[in-house]
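Predicted, not measured: the structure shown is a model, and the values here were computed from it. Numbered from 1 within each chain, the chains take letters A, B, ... in sequence-line order.
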There are 2 protein chains.
Amino acid sequence: MNDRRTVFKTLRDLSIRLTPQRILILDILRKGNTHMGVEEVYSKARTTFPYIDIATVYRTLNLMKKIDVVTEVAIGERLHFELTHPGRKHNHMVCTCCGKAFNLPPEYLERFGEQIHRDFSFEPDVRNFTIKGKCSLCAEKSEKSDSTYECLSP
Amino acid sequence: MNDRRTVFKTLRDLSIRLTPQRILILDILRKGNTHMGVEEVYSKARTTFPYIDIATVYRTLNLMKKIDVVTEVAIGERLHFELTHPGRKHNHMVCTCCGKAFNLPPEYLERFGEQIHRDFSFEPDVRNFTIKGKCSLCAEKSEKSDSTYECLSP
DNA sequence: TATCTTTTTGCAACTAATTGCATATACTAA
DNA sequence: TTAGTATATGCAATTAGTTGCAAAAAGATA
């Protein structure tokens, strides 16, 4: 689980201080219930904490990412974050055309990572891996020259 | 091959203009013979073309990446590029501790990409994928608490 | 509770990379 | 070879994200 209590304990165990800013940011992600853009987190945070700085938001999110409390998702060159749910870990596939993100079960990258480790003794960190590509709908549209096809990166 | 002539033909076929700046940047990458940082390309370019702008360097490299003439390698948050050699394609594994880049035979990510495509109809673009992680030397050092162990991202 | 130490914050300055725009130039066709 | 047009360049401004630093605050200890 990733409820408040568990996360607080994780932070305390690592001597990471529980500041109101950090608690707020984590609560926002928890409520959001899916990946959120940094700007979105920032503006939501300011409604309850007007003097919070964007630097604090970035620092908090990067810190939480390092200790695996949040997961980063790169959507169209902009960073997004979501709470890491230990039992429901997954990676993301992001369509470079429509920008949509799809969940990828963790086994795919785990297996890949194990191969790399076995063959090269290189230890990949696949936790925050985001796979870029084209989703099935956009691929289909572009093949059929569907008039509703529009690509963010043409 | 990726000699001047072949690349020029590729560009002409795509109606991409052969400007002295573009030719120079590609020649620098060809001479470099491995991945180079943008700043390195820029400063080398300026010795023969003093008025070239860094924006032109970025624009050229991104354009060449899009048409697969160069490959991007993300080394420690800074972008590096190298000429794509059609017969010797590979991905990169970059150590987040020592910053070194290692070549990865293309089969690994190709296989991974095929699985994704088969199971989700998502078409990943793995050409410019860079795998972050810890190389065997750094992993060994950190386990043994070797005094020469230093990590760029501790 | 009061005091102390260490971490964190807000602010401002900075960095790598991108973009808008007017001018310059590569290519096309006559 | 020249004129015409679409594209590319240089410059300046902008953006997303990071960092240094003094002041503020969290947590430990007495």
Side-chain angles (χ1 to χ4, degrees), chain A residues 7-26 35-43 45-46 48-67 69-70 72-81 96 99 128 130 152-154, chain B residues 7-26 35-43 45-46 48-67 69-70 72-81 96 99 128 130 152-154:
Chain A
V7 171
F8 288 4
K9 188 177 179 321
T10 306
L11 301 189
R12 229 179 276 112
D13 290 351
L14 291 163
S15 311
I16 292 174
R17 292 187 182 171
L18 276 164
T19 66
Q21 292 93 330
R22 287 175 178 170
I23 295 172
L24 176 59
I25 289 167
L26 289 171
H35 48 83
M36 293 173 77
V38 176
E39 206 60 39
E40 198 181 349
V41 175
Y42 176 52
S43 73
R46 285 212 299 187
T48 49
F49 207 117
Y51 295 107
I52 197 171
D53 195 84
I54 187 82
T56 302
V57 177
Y58 275 108
R59 273 190 286 231
T60 300
L61 292 172
N62 280 328
L63 175 65
M64 297 303 146
K65 171 187 161 189
K66 200 188 290 183
I67 61 172
V69 165
V70 308
E72 183 186 289
V73 195
I75 299 188
E77 311 308 308
R78 305 288 298 269
L79 297 183
H80 288 228
F81 294 87
T96 47
N128 296 284
T130 300
L152 299 173
S153 61
Chain B
V7 171
F8 286 5
K9 187 176 180 323
T10 306
L11 301 189
R12 229 178 277 113
D13 290 352
L14 291 163
S15 312
I16 291 175
R17 293 189 181 168
L18 276 166
T19 66
Q21 291 94 329
R22 287 176 177 169
I23 294 172
L24 176 60
I25 289 167
L26 289 171
H35 47 82
M36 295 173 76
V38 176
E39 206 60 38
E40 197 181 349
V41 175
Y42 176 52
S43 72
R46 284 212 299 185
T48 50
F49 208 115
Y51 295 109
I52 196 172
D53 194 84
I54 188 80
T56 302
V57 176
Y58 275 108
R59 272 190 286 230
T60 300
L61 292 171
N62 280 328
L63 176 64
M64 297 302 146
K65 171 186 160 190
K66 199 189 292 183
I67 61 172
V69 164
V70 308
E72 183 186 287
V73 194
I75 297 188
E77 311 309 307
R78 305 289 297 270
L79 296 184
H80 288 228
F81 293 88
T96 47
N128 296 282
T130 300
L152 299 172
S153 62

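For the atom pair OH (A:Y51) and OG1 (A:T56), the distance works out to 14.5 Å, reported to the nearest 0.5 Å. To the nearest 0.5 angstrom, B:I67 atom CD1 is 11.5 Å from B:N62 atom CG.
Note on A:F49: only backbone sugar-phosphate atoms sit closer than 4.0 angstrom, heavy atoms only; bases stay farther off. Among the protein residues, A:I54 comes within range of no part of the nucleic acid, since none of its heavy atoms lies under 4.0 Å from any strand.
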(request) Assign a letter to each nucleotide of nucleotides 19-30 of chain C from its 5' end: B, base within under 4.0 Å of a protein heavy atom; S, sugar-phosphate only; -, no contact. (result) BB-----BS---

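In this structure, the side chains of B:F81 and B:V69 stay at 4.5 Å or more apart for every pair of heavy atoms. Contact check for A:I25 versus A:I52: side-chain heavy atoms found under the 4.5 Å cut-off. Here the side chains of B:I75 and B:T130 are not in contact, with every heavy-atom distance at 4.5 Å or above.
One atom, CZ of A:R46, and another, P of C:dG10, lie 12 Å apart when rounded to the nearest Å. When rounded to the nearest whole Å, the span between CZ of B:R78 and C1' of C:dT15 equals 8 Å. Look at NZ on B:K65: it is 13 Å from C1' on C:dT18, rounded to the nearest Å. Remark: P of C:dT7 and CZ of A:R22 are 11 Å apart, rounded to the nearest angstrom.
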Could you list the donor-acceptor pairs under 3.5 angstrom formed between side-chain atoms of residues 9-21 of chain B and any protein atom two or more places apart in sequence or on another chain?
unit_1: B:K9; atom_1: NZ; unit_2: B:D13; atom_2: OD2; d: 2.7
unit_1: B:T10; atom_1: OG1; unit_2: B:T6; atom_2: O; d: 2.9
unit_1: B:T19; atom_1: OG1; unit_2: B:R22; atom_2: N; d: 3.2

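Close to C:dA17, at under 4.0 Å from its OP1 or OP2, lies no side-chain N or O of B:N62.
Shortest non-hydrogen contact noted between B:D53 and B:A55 is OD2-N, 2.8 Å. The two atoms that bring A:V38 and A:Y58 nearest to each other are CG1-CZ, 3.6 Å, heavy atoms only. Between A:E39 and A:I54, the shortest heavy-atom distance links the atoms OE1-CD1, 4.2 Å.
Each of A:E77 and B:L63 has a nearest nucleotide on DNA chain D; the 5'-most of these lies closest to B:L63.
A 4.0 Å heavy-atom criterion places the boundary nucleotides of DNA chain D facing chain B at D:dA6 to D:dC11, written 5' to 3'.
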